[in-house]
Amino acid sequence: LVDPADRGPHPDMDVYLFINSGLSLGEYFRRAAKIGTNFTDTDLREMFKKLRQAGIQAEKTMFEATKKINTHKGAIFSLGLFVCASAYCQRHRDLDEFEVISKMTQGLVKHDLGQKSDTAGERQFLKYGKGGVRAEAEAGYPIVKNVALPFLAKSTGELNTRLLDT
């Protein structure tokens with residue numbers, strides 16, 4: 001949505017801010033992988049709790065790098081889940097990332113939404129009753145698994161174009 005030629009719908013950002021923000025999150029993604037690799041409990045919701053604490057710190061780091069502009073909050077949540085789950089699946093080959101994410105986030109919508117309206121997701125839930133990205137995570141990201149990945153697999157051409165189309 002933000003590239004070198006166009007700020008798209010984000011007048012508060014430019015590509016350099018976006019790059020700096022992304023670079024500020026490297027340690028978080030390494031931490032997410034480490035959490036998944038080292039987790040030994042059977043209740044994957046506990047792994048999510050550890051990841052969430054790391055994510056809260058990553059948001060602070062991002063906001064410091066961007067002077068309080070939200071460039072990657074969604075990526076911290078979703079990509080953090082995928083990185084953590086993928087690392088966990090490296091040790092538990094009988095599971096897939098989507099299943100692990102679903103188990104990690106069971107009860108998240110009920111726990112997080114409906115009581116306050118601090119975030120955009122919470123306001124959308126109160127207004128429309130939709131669980132947003134939390135509900136997608138709880139369901140194991142079905143739009144990614146059942147729509148985006150099959151579309152990408154069937155697409156042809158240069159990888160960058162295929163990814164943009166997906």
hydrophobic_cluster_shared for Leu44 and Phe98, side chain cutoff 4.5 Å: yes

Note: Arg134-Glu138 ion pair, threshold 4.0 Å (strictly below): no

Carboxylate-amine/guanidinium contact Asp41 Lys49, below 4.0 Å: no

From Gln106 atom CD to Arg45 atom CZ, the distance as rounded to the nearest 0.5 Å: 8.0 Å

Atom pair NZ (Lys127) and NZ (Lys130), whose distance is rounded to the nearest 0.5 Å: 14.0 Å

Option passing side-chain contact (heavy atoms from CB on, under 4.5 Å) with Phe48 (candidates Lys103, Gln53, Met104): Met104

Flag side-chain contact, heavy atom, 4.5 Å: Phe39 against Glu46: yes

Under 3.5 Å: donor-acceptor pair, side chain of Thr119, backbone of Glu122: yes

hydrophobic_cluster_shared for Val2 and Leu79, side chain cutoff 4.5 Å: no

Minimum-distance pair of heavy atoms, taken over all atoms of Met62 and Leu25: CB-CD2, 4.1 Å

Side-chain donor-acceptor pair present, Tyr141, Ser102, cut-off under 3.5 Å: no

Polar side-chain atom of Arg123 near backbone of Asp118 as donor-acceptor pair, under 3.5 Å: yes

Ring centers of Phe82, Phe77 separated by less than 6.0 Å: no

In one Ile/Leu/Val/Met/Phe/Trp/Tyr side-chain cluster, 4.5 Å: Phe151, Val147: no

Heavy-atom pair with the smallest gap, counting every atom of Arg162 and Thr156: CG-O, 3.4 Å

Nearest non-hydrogen partners of Leu81 and Ala137, listed with the distance: CD1-CB, 3.8 Å

Audit row: Thr61, Glu59, side-chain contact (heavy atoms from CB on, under 4.5 Å) steps and yes/no: CA-CA 5 Å; Thr61 301; Glu59 283 183 18; over 6 Å; no

Residue pair Phe125 / Asp112, side-chain heavy-atom distance below 4.5 Å: no

Gap between atom NZ of Lys154 and atom OG1 of Thr166 - 0.5 Å precision: 12.0 Å

Heavy-atom closest contact (Ala85 atom, Ile101 atom, distance): CB-CG1, 3.6 Å

Worked verdict on Met47 versus Ile35 for side-chain contact (heavy atoms from CB on, under 4.5 Å): CA-CA 7 Å; Met47 184 165 69; Ile35 290 168; 3.8 Å; yes

Interatomic distance, Gln124 atom CD to Leu126 atom CG [nearest 0.5 angstrom]: 9.5 Å

Val100 side chain reached by Cys89 side chain, heavy atoms, under 4.5 Å: yes

Short side-chain to backbone donor-acceptor contact, His111 and Gly107, under 3.5 Å: no

Contact summary for Thr37 and Ala87, nearest pair of heavy atoms: OG1-CB, 3.5 Å

Within one Ile-Leu-Val-Met-Phe-Trp-Tyr cluster: Leu149 and Ile143, side-chain cutoff 4.5 Å: yes

Straight-line distance of Arg31 CZ to Asn38 CG, nearest 0.5 Å: 10.0 Å

Salt bridge Asp96-Lys145, side-chain N to carboxylate O under 4.0 Å: yes

N/O donor-acceptor pair under 3.5 Å between Thr161 side chain and Gly157 backbone: no

Atom CD of Glu158: over 12 foreign heavy atoms under 6.0 Å: no

Glu136 side-chain N/O to Gly132 backbone N/O, donor-acceptor pair under 3.5 Å: no

Polar contact flag, side-chain donor to acceptor under 3.5 angstrom, Gln90-Ser86: no

Sidechain-backbone polar pair: Tyr28 side chain, Ile76 backbone, donor-acceptor under 3.5 Å: yes

From Glu97 atom CD to Cys84 atom SG, the distance as rounded to the nearest 0.5 Å: 11.0 Å

Over all atoms of both residues, closest heavy-atom pair of Ser78 and Val133: OG-CG2, 3.4 Å

Can I get a per-line list of side-chain donor-acceptor pairs under 3.5 Å for residues 12-21, giving both atom names and the distance, sequence neighbours left out?
residue: Asp14; atom: OD1; partner: Tyr16; partner atom: N; Å: 3.0
residue: Asp14; atom: OD1; partner: Leu17; partner atom: N; Å: 2.8
residue: Asn20; atom: ND2; partner: Tyr16; partner atom: O; Å: 3.4
residue: Ser21; atom: OG; partner: Thr71; partner atom: OG1; Å: 2.3
residue: Ser21; atom: OG; partner: His72; partner atom: ND1; Å: 2.7

